[in-house]
Amino acid sequence: MDKVYDQTKVEQKWYKFWEESGFFKPKIDPNKKPYVIAMPPPNVTGELHLGHALTASIEDLLIRYHRMKGDPTLWIPGVDHAGIATQVVVEKELSKEGKTRHDLGKDEFLKRVWEWVEKYGRRIDAQHKKLGVSADWSRRKFTLDPDYQEAVKEAFLRLYKKELIYKAERMINWCSRCETVLSDLEVVYREQKDPLYYIKYGPLTLATVRPETKFGDTALAVNPQDKRYRKYVGQTLEIEDVLGKSQIKVIEDEAVDPKFGTGVIKVTPAHDPTDFEIGQRHNLEIRQVIDFNGKLNEKAGKFAGLTIAEARIQVVQELEKKGLIEKVDQNYVHSVGHCQRCDTTVEPMVSLQWFVKMKPLAEPAIEAVKRGEIKIIPKRFEKIYFQWLENIKDWTISRQLWWGHQIPLEGEEDVLDTWFSSSLWPFATLGWPSSTKASEGKPSDYEYFYPTTVMETGYDILFFWVSRMIMMGLFLTGQVPFTTVYLHGLIRDPMGQKMSKSKGNVIEPLFMADKYGTDALRMSLIIGNTPGKDMRLSEPKIQGLRNFTNKLWNIGRFIIDFAPDDAKHLSVIPSEHSERGNLNSRKIATSVATLLPRNDNKNDKEILEKLNQTTEAVTKALESFRFHDAANTLYEFTWHQFADKYIESTKDRRAEAQPVLEYVFRTSLELLHPFMPFITEELWQRLPHDGKSIMIAKWPEAK
RNA sequence: GGACACUUAGCUCAGCGGCAGAGCGUCUCGUUCACAUCGAGAAGGCCGAAGGUUCAAAUCCUUCAGUGUCCACCA
């Protein structure tokens, strides 16, 4: 063996071996309860990032652990078409050629997206394999597969028939760059400083940040309690405006905050959510002045055709010229919505869209968690989950995009929110709705594997995805889609900043896997990572865990390459399991009991006892989702107890200690396998062992 | 405006009623003898502040202060 561990000689070889041996496919045993994880399908927008690597590391850890425990274990991989996200990414590619999607037309554009999907879909699979993901690739799903489209259609129709889907004209969030409606969750609010203009409307003055929407004003409003303006309420004022004289009436409404600005507001029902509601209460005209392309329309007179930003500047100039601006507050800070995918400022607009009625779906979803049918880890997220569901609003599901699931109804051009299809993931991947029945005496995947066991994902998509899967699962299948939700935190840079390409602080997981080994990368994501908490990651940490892989390698080298000629080996110890025989050729001694009676060496006893404690602690930690704890325990045991202390103590009685060395090391490798699959397989194969692969070895049991 | 989390060694973080821990960093020593991607040892902490509960508090309760995150129609 080389002096230094070289993962490049190891990883590919074993992945190929595992995949070809069929170990990733579960054996259906009707008498056993399966262990199932539906992998959160990465968006086909690009490469895997550290968040994906974390997901893969945790889930593969759970999957390998349960497989070794003997559960029929299924991990369903896949990729998400990611509607708006993918469309935006491909549009960005096009813009490099100086083109927009409209230059290509719908058919040609969709062809480009499909090319993208082919390329990145394959790349994502390859990257998952590089990370050691032991998923059942024969069950891989893409959220636009034909059978998945069937599932989406079926879900839509069932909701529609129960009147849980409806079409209505509402105030919605509009992205004028993507030219589509967005759901509330897809709007990211950010504080920003904008000038607050105090503008004269006849005898009154009001404060606004949006003078360019004034062409859509259909009233002025004050609070009914506000004595200052009582005499104006009910009057129609003659005012001088940028487009000449006009008339506007003054109304009173509770929604007006008398402490804001002057206590008077302009009501623009077409372009502000509060104003829209005031308008509904007072029967005001909804006068749209901004078009869906983000430009002012003919109602803006000479300002028609300008973008919102241009119009704001020009309207203010005109107002100033006419002496209609009383003052400008330059320090006004407010929060402005931006498109989650392209960062364009979101415009409130009134538009006819499809919605899902959420209250009837939310109630059972709340109950399922309250009754403990679904457990969320860490528990504090249950409260966040309840709060969101208890105050839920209807979900806008139509999108004016080209890439996505077509709404299956006559005359509909729109596609569905990508999260609508994702919400079906745990059961649509298992054959729902068409292949749910047994055939030829064999249970269907849906019957055997559904509901799934664990949903493991980042807490940032608790609302987007997890709660919607629970609602859809309960409504469409009558069952919870999974029984445990495990939420991990976000990976941040060493300064605690979010990683992003523009900041240049991104750590590429695949690059790290190449440089230090997949096992080191995976371990670096598990150790020191507490459930639900963000974690800082730096290259030196990965390096440190590369050192750990090298430590394991050299323990192996010491035990295997440097074994004395007269050493007895584990495989030739007589035991209840074994006969005398050659190395690796017979059943081998597997229990502490077969080793201990052979001698009463104090160090042997101690290390075996510590191994036993470690086995127990690691198993307990894994059962309670304390992965960091399990990893830490193993790190401490193998390095400091086993290598530093025990191995040192055997140097003057090496031949005698050999079977204990082999036994303890092999067991440690088995415990480490779910965390570090590659190096553990490589070393395990070189030790006396039983069976074809460590990944199907029996999980060690504490005595 | 609500809700939640965090504050422990120089740094990053575990621990969450019973003698303050790890990794990295620092300092001292050690290269034939598995590994310098290493080993032996050392220094380093009023566990954010103030009250309270308890035989016992980093850990439970209250208040406060910083930091961060999420939610909410701040015109």
Side-chain angles (χ1 to χ4, degrees), chain A residues 1-5 171 173 184-185 187-189 191 194 196-197 206-211 213 217 220-221 253 255-257 259-268 271-278 332-337 348 378-388 390-393 459-460 462-463 489-490 492 494-498 516-517 520 524 527-530 532-538 540-541 543-563 626 628-629 631-633 635-636 639-640 643-645 647-648 650-652 654 661:
Chain A
M1 288 166 76
D2 298 341
K3 211 168 169 178
V4 171
Y5 173 59
M171 171 124 299
N173 312 294
D184 295 342
L185 285 180
V187 180
V188 182
Y189 287 89
E191 294 223 313
D194 278 307
L196 181 65
Y197 301 96
L206 58 80
T208 181
V209 281
R210 304 212 53 191
T213 62
D217 298 347
L220 300 183
D253 195 285
V256 181
D257 177 2
K259 289 194 283 293
F260 175 81
T262 60
V264 185
I265 64 161
K266 66 198 219 21
V267 186
T268 321
H271 299 294
D272 182 277
T274 309
D275 293 6
F276 179 75
E277 284 173 20
I278 295 174
Y332 181 65
V333 175
H334 64 148
S335 144
V336 177
K379 202 171 165 48
R380 65 189 161 88
F381 284 103
E382 289 189 359
K383 194 170 176 183
I384 295 171
Y385 170 86
F386 291 139
Q387 266 175 6
W388 189 69
E390 279 159 8
N391 300 299
I392 199 161
K393 287 187 193 144
Y459 66 75
D460 53 327
L462 178 62
F463 304 147
L490 273 43
R492 296 175 174 277
M495 308 301 289
Q497 304 269 318
K498 219 169 166 175
Y516 299 111
S524 76
I527 275 203
N529 194 352
T530 324
K533 279 195 196 169
D534 294 355
M535 181 182 73
R536 301 182 189 202
L537 184 71
S538 60
K541 181 175 179 187
Q543 240 170 58
L545 287 149
R546 184 272 316 266
N547 296 354
F548 180 56
T549 60
N550 196 51
K551 188 58 161 181
L552 290 175
W553 182 255
N554 278 287
I555 295 171
R557 208 159 78 95
F558 176 78
I559 294 175
I560 298 154
D561 284 8
F562 290 79
R626 294 192 332 269
H628 62 297
D629 220 348
N632 214 44
T633 302
Y635 181 97
E636 151 72 20
W639 198 320
H640 301 305
D644 291 347
K645 298 223 168 63
I647 287 182
E648 289 305 318
T650 63
K651 286 184 175 170
D652 54 1
R654 181 57 206 276
L661 284 167

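The chains referred to below are lettered A, B, ... by the order of the sequence lines, with proteins before strands, and numbering in each begins at 1.
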>> For B/A5 and A/Lys383 - does any side-chain N or O of the residue sit under 4.0 Å from the phosphate oxygens OP1/OP2?
In response: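 It does not, given that no N or O in the side chain of A/Lys383 lies less than 4.0 Å from OP1 or OP2 of B/A5.
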> Hey, does the side chain of A/Asn632 come within less than 4.0 Å of B/G23's phosphate (OP1/OP2), counting only N and O?
Replying inline: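 The answer is no; no side-chain N or O of A/Asn632 sits under 4.0 Å from OP1 or OP2.
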Under 4.0 Å, heavy atoms only, any strand: does [X] hit a base, just the sugar-phosphate, or nothing?
X	value
A/Arg546	base
A/Gln497	nothing
A/Ile559	nothing
A/Ile265	base
A/Tyr459	nothing
A/Phe260	base
A/Asp257	base
A/Glu648	base

Closest approach to the side chain of [X], judged atom by atom: which nucleotide of [options] is it?
X	options	result
A/Tyr332	B/A22, B/G39, B/A75	B/A75
A/Arg380	B/A34, B/C4, B/A75	B/C4
A/His334	B/A75, B/C74, B/A14	B/A75
A/Arg492	B/U69, B/A36, B/A75	B/U69
A/Val4	B/A75, B/U37, B/A34	B/U37
A/Phe463	B/C70, B/A36, B/C73	B/C70

> Distance under 6.0 Å and angle within 45° of the ring axis: does A/Arg380 meet both against A/Tyr459?
Replying inline: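 That pair does not qualify as a cation-pi contact.
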